[in-house]
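Reading through the structure tokens given below for one structure.
Quick note on labels: first sequence line is chain A, next is B, and so on, each numbered from 1.
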Protein chains: 2
Amino acid sequence: MVREPRQERSRTTRRRLLTAAVECLAEHGWTNTTVALVAERAGVSRGAAQHHFPTREDLVVATVEFLAEEQIAEVRSRAETLPRGRRRALAVARMLLNLYAGPKFRAALHLWVAASTDEALRSVLAPLEARVGRESHRVAVELLGVDESRPGVRETVQATLDLARGLGLANLLSDDSKRRERLVRQWATVLEPIVEENVGDQARSGT
Amino acid sequence: MVREPRQERSRTTRRRLLTAAVECLAEHGWTNTTVALVAERAGVSRGAAQHHFPTREDLVVATVEFLAEEQIAEVRSRAETLPRGRRRALAVARMLLNLYAGPKFRAALHLWVAASTDEALRSVLAPLEARVGRESHRVAVELLGVDESRPGVRETVQATLDLARGLGLANLLSDDSKRRERLVRQWATVLEPIVEENVGDQARSGT
């Protein structure tokens with residue numbers, strides 16, 4: 001009976017630490033994000049923080065996984081509200097191309113860029129990046145409901161996510177949302193043919 | 001008679017400093033790129049370096065301008081060799097989507113990301129970024145030879161450059177060139193209609 005609450009408390013502490021880590025990264029960058037600073041921000045003792053994340057590397061790995069999980073959960077929950085049929089391409093384009101416009105992308109970007117000149121950090125992040133990339137791709141395919149065995153579909157989905165990351169960069173130093181919305185509308189015309197093929201399939205199968 | 005060579009020497013020194021600054025940024029990041037380190041790498045005395053760039057901000061502005069000029073000159077010189085007609089879309093897609101795959105983009109990225117959490121650096125870089133962005137766009141339009149007054153053309157050119165920057169990110173921690181080449185081929189099919197319209201115009205006007 002005692003075990004459950006303690007586990008739960010531990011999960012809550014961990015979550016507070018990870019949320020604080022994302023905020024620290026987005027605001028202060030990798031160089032200034034230490035376990036001690038994160039603990040302070042989370043309102044958690046240094047000892048408790050060190051129990052969860054003995055090293056800065058442990059904290060980084062958990063943070064990247066946390067960021068990816070949060071984002072995928074957010075996408076999945078918002079996916080429920082997307083329209084079906086012809087209007088779906090525009091709605092999905094808007095959702096995906098706005099995916100990296102916020103502070104979570106900025107936090108991840110600080111890590112990626114630091115890893116590009118830090119061998120130890122790179123060896124931790126590179127395999128994670130590959131895994132997170134595959135997972136994001138899988139979710140985008142699900143969301144669009146497209147058939148990847150058709151020529152060009154896989155590459156179009158990949159291009160959507162790479163474009164979204166490029167737009168994340170463009171939003172780093174200034175508010176790029178107006179221009180981004182115009183690109184969303186144009187991008188919907190690129191997605192429409194592959195989404196509509198699928199709409200056709202659904203129509204043929206009677207849904 | 002004495003003046004010319006001295007000016008030329010000064011230009012050579014400046015160029016060596018800027019080349020060294022790009023290398024330092026790409027290898028060590030913004031935090032470690034000081035005027036002193038750049039001078040050492042360039043084989044230039046600290047005094048001479050400080051004469052050209054009194055502050056780190058002066059060095060940053062000149063470096064970003066230098067990166068942009070170098071890239072645009074490179075694109076223009078390679079543009080001469082691109083095929084005309086139907087094969088042009090693929091050639092331009094390959095050239096533009098590979099634009100940010102190298103150490104120059106990494107150098108610029110270090111600056112952008114540092115600026116996102118450093119107000120002083122941001123105030124220097126944000127207007128420069130806007131100018132460089134407009135210039136890159138102009139060159140891409142030239143290269144494609146497209147008519148921006150047609151609906152969607154402007155956004156497709158912008159998406160090409162944003163996608164290129166997203167691909168630059170994807171190439172940061174690992175070699176992404178094989179996947180990128182598949183995206184290039186797919187992207188050519190997006191560019192073909194707007195390039196071919198133009199080919200049609202040329203045919204109509206008799207060239």
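Counting heavy atoms of neighbouring residues, nucleotides and ligands inside a 6.0 Å radius, atom CD of A/E23 exceeds 12 of them. Enclosure of atom CZ in B/R76 by more than 12 non-hydrogen atoms of other residues, nucleotides or ligands within 6.0 angstrom is indicated. Surrounding CD of A/Q50 are more than 12 heavy atoms belonging to other residues, nucleotides or ligands, all under 6.0 Å away. Sparse packing is recorded around CZ of A/R87, with 12 or fewer heavy atoms of other residues, nucleotides or ligands lying under 6.0 Å away.
For B/A26, the part sitting under 4.5 Å from any heavy atom of chain A is the backbone (N, CA, C, O) and nothing else. Contact of A/E129 with chain B is made through the side chain alone, with heavy-atom distances under 4.5 Å. Residue B/T31 touches chain A through its side chain alone, counting heavy-atom pairs closer than 4.5 Å. The contact between A/R182 and chain B is made by backbone and side chain atoms together, counting heavy-atom distances below 4.5 Å. Using a 4.5 Å cut-off between heavy atoms, A/W30 does not touch chain B at all. Both the backbone and the side chain of A/H110 come within contact range of chain B, judged by heavy atoms closer than 4.5 Å.
Between chain B and the residues A/T189, A/D118, A/L167, the most heavy-atom pairs under 4.5 angstrom are made by A/L167. With respect to chain B, the highest number of heavy-atom pairs below 4.5 Å among A/E155, A/R165, A/R185, A/R106 belongs to A/E155. The most heavy-atom pairs under 4.5 Å with chain A, out of B/Q158, B/R154, B/H28, come from B/Q158. Each of B/A170, B/A115, B/A159, B/S116 has some count of heavy-atom pairs under 4.5 Å with chain A, and the biggest count is that of B/S116.
Distance check: A/L111 CG to B/L173 CG gives 10.0 Å after rounding to the nearest 0.5 Å.
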Test side-chain contact (heavy atoms from CB on, under 4.5 Å) on A/L109 and B/L169 and set out the steps. CA-CA 9 Å; A/L109 197 55; B/L169 268 184; 3.5 Å; yes
Please step through side-chain contact (heavy atoms from CB on, under 4.5 Å) for the pair B/R179 and A/D162, ending with a clear verdict. CA-CA 11 Å; B/R179 189 184 74 97; A/D162 286 303; 2.9 Å; yes
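Counting heavy atoms from C-beta outward, B/P151 and A/Q186 have side chains that stay 4.5 Å or more apart.
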